[in-house]
Number of protein chains: 2
Amino acid sequence: MAQAIRLHQVKSPLKASCQQCSLSNLCLPLAVEDNDLERLEDIVQQGRIFNRGEHIFDQSTPFRSCFAVKSGSVKTSIITEGGEEQVTGFFMPGELIGLDSMSGEHYACTAKALERTSVCEFPVEKLEDLTGKIPGLQHHMYHLMSQEIQNSHQLTMLLSKNTAEERIAALLLSLSSRFQRRRMSGTNFSLPMPRNDIANFLGLAVETVSRVFTRFQNQGIIKARGREVELLDVEALQMVTRDFSRQGCQQ
Amino acid sequence: MAQAIRLHQVKSPLKASCQQCSLSNLCLPLAVEDNDLERLEDIVQQGRIFNRGEHIFDQSTPFRSCFAVKSGSVKTSIITEGGEEQVTGFFMPGELIGLDSMSGEHYACTAKALERTSVCEFPVEKLEDLTGKIPGLQHHMYHLMSQEIQNSHQLTMLLSKNTAEERIAALLLSLSSRFQRRRMSGTNFSLPMPRNDIANFLGLAVETVSRVFTRFQNQGIIKARGREVELLDVEALQMVTRDFSRQGCQQ
DNA sequence: CGACCAATTTGATTCATATCAAAGGCATAC
DNA sequence: GTATGCCTTTGATATGAATCAAATTGGTCG
């Protein structure tokens, strides 16, 4: 068995081993029984690397695959004909990109690596075959897509009802919980994206984002130096978000 | 064959006949071969009626089914603990409700009939079974959910970048194209929802919506009396929306 | 038919955030 | 080491839409 894997690796260095991946409890393998895992591994191409700023795909790329983030982080955004950008999401390890593109010939958004990032590629055609055969995996796909809709509705709500402070508090808490899921500190982390992208995502001007950060800092709620952030008073942040609670629980 | 159908109808008056439904080219049957259609009809419960204001489900209802609008129209919204409402969508005949709820035990939103409305019910458990067996149907479900994500992203964009006028123009055009899909007039229709819901959906105050309507009217772009709307200058509306183009092309 | 309640419209004022402008900080490259 | 450019911060001003207030319309029901 181990030999078989090695053999494949010789043939194709990208051959996946989801079993050994530390993200197997977050990513697609989560929904697959051990004895079916091999079938998933058969269709994955693992470990493509992108440097900061590189596109994983853009809106002119024919839609072929969904991508799971393995390490690093990714920003997705819609670029209009006029060149305006709307950031639609940030994706961290274990999260799946491309679900919004499963209709249409081309990707519905542009995905850009925010830092040096590695991704696993799932060709949709094969993935659809597989989900047809593994009910649990099909169910999980529905689950993930449904989550994605909910997340987007939460963002809609944030944009339509909440102040700048509330939006930013919500984003910080979302990031925090996603770091925690990966057994990393939920209070001490480094923002993968520039202020600019935060602003765009939250429908604010960069200046406003900056001002809110300093205001939070003056209130002793957070400590921020550049992208390094420390959440000093999570409760206070939760108070700020009021009833906008759990955006971004992607699983 | 006709007898068999009649027989079923005697047993259960809700037994579906998707074949005869005028929406079969918009709704789920669209993705199903003729010889599989019966299997879809087997799981559908057709024709439940709701009066204006009645809930099809709410956020405390255990999630069991998706619903296709057969006639009338439906508003979905998220109600927060604080009682605030965020309208997340309007659904017209042929469109499918509940895709955002396919994760979690309960519905992720509340669905309310905007007028006397009839819906077809698809129990998800059976639907998932069926999509596992009919690849085209599974594909279509992915397609619809993906569309829903895209629609929500378009709304996000609208809220974060566009003025009140642009948002309302976009909504009018979206409704227009959805009426046209049903072979109804795209320039002369009756809004199924009150100004209040439009405002909430678009992240505006009612007063603003009202003002924009009268402004458009003074400019000769539309004619509106109550919910009755006539689009006099579609081109002008399209100009107003700028590069926000095709929101709500749900198919 | 008239009365009541809800939905819509209109007007005056306020406010949060955008925009404009510019200075400081940080990292990369030469 | 210093220069270049980008990212971030800070300040002053402008503005679109919210809010507050009230009149008007419209539909429903006794």
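Worth knowing before you read on, the calculation uses all heavy atoms, side chains too, and leaves out hydrogens, waters and symmetry mates. Lettering of chains follows the sequences in order, A, B, ..., and the numbering in each one begins at 1. The model shown is predicted, which means the values in this text are computed figures rather than measured ones.
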Tell me whether [X] is salt-bridged to [Y], with the criterion being a basic N under 4.0 Å from an acidic carboxylate O.
| X | Y | result |
| --- | --- | --- |
| Arg178(B) | Glu95(B) | yes |
| Lys112(B) | Glu54(B) | no |
| Glu121(B) | Arg64(B) | no |
| Glu85(B) | Lys75(B) | yes |

What nucleotide, of [options], holds the atom closest to the side chain of [X]?
| X | options | value |
| --- | --- | --- |
| Arg195(A) | dT9(D), dA18(D), dT8(C) | dT9(D) |
| Thr208(A) | dT10(C), dA18(C), dT9(D) | dA18(C) |
| Thr163(B) | dA18(C), dA17(D), dA7(C) | dA17(D) |
| Ala205(A) | dA18(C), dA7(C), dT9(C) | dA18(C) |

Between [X] ([atom1]) and [N] ([atom2]), how many Å, whole number?
| X | N | atom1 | atom2 | result |
| --- | --- | --- | --- | --- |
| Ile168(A) | dT8(D) | CD1 | P | 13 Å |
| Arg227(A) | dT9(D) | CZ | C1' | 15 Å |
| Asn162(A) | dA18(D) | CG | P | 14 Å |
| Asn200(B) | dA17(D) | CG | P | 17 Å |
| Arg215(B) | dT10(C) | CZ | C1' | 12 Å |
| Ile222(B) | dT9(C) | CD1 | P | 10 Å |
| Asp197(B) | dA6(C) | CG | P | 15 Å |
| Phe213(B) | dA7(C) | CZ | P | 16 Å |

- Query: Can a donor-acceptor pair under 3.5 Å be found between the side-chain atoms of Arg211(B) and the base atoms of dG11(C)?
  - Reply: yes
- Query: Do any side-chain nitrogens or oxygens of Thr214(A) fall under 4.0 Å of OP1 or OP2 in dT10(D)?
  - Reply: yes
Between the protein and nucleotides 21-25 of chain D, are there any N/O to N/O pairs under 3.5 Å, and if so, what are the atom names and distances?
none

- Closest-nucleotide 5' rank along DNA chain D - winner of Arg52(B) and Glu165(B): Glu165(B)
- Message: I want to check a possible cation-pi pair here: Arg195(A) against Phe213(A), using under 6.0 Å from ring centre and within 45° of the ring axis as the test.
- Response: yes
- Mind checking whether Phe90(B) and Phe201(B) have ring centres under 6.0 Å apart?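 That pair passes the under 6.0 Å test.
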- Could you give me the CA-CA distance, side-chain angles and deciding distance for Gln59(B) and Ile78(B), then say whether side chain to side chain contact (heavy atoms under 4.5 Å, CB included) is met? CA-CA 8 Å; Gln59(B) 282 148 263; Ile78(B) 300 173; 3.9 Å; yes
- Message: Classify Ala164(A) by what it touches in the nucleic acid, base, sugar-phosphate, or nothing, heavy-atom distance under 4.0 Å.
- Response: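 Ala164(A): backbone/sugar contact only, no base atoms under 4.0 Å.
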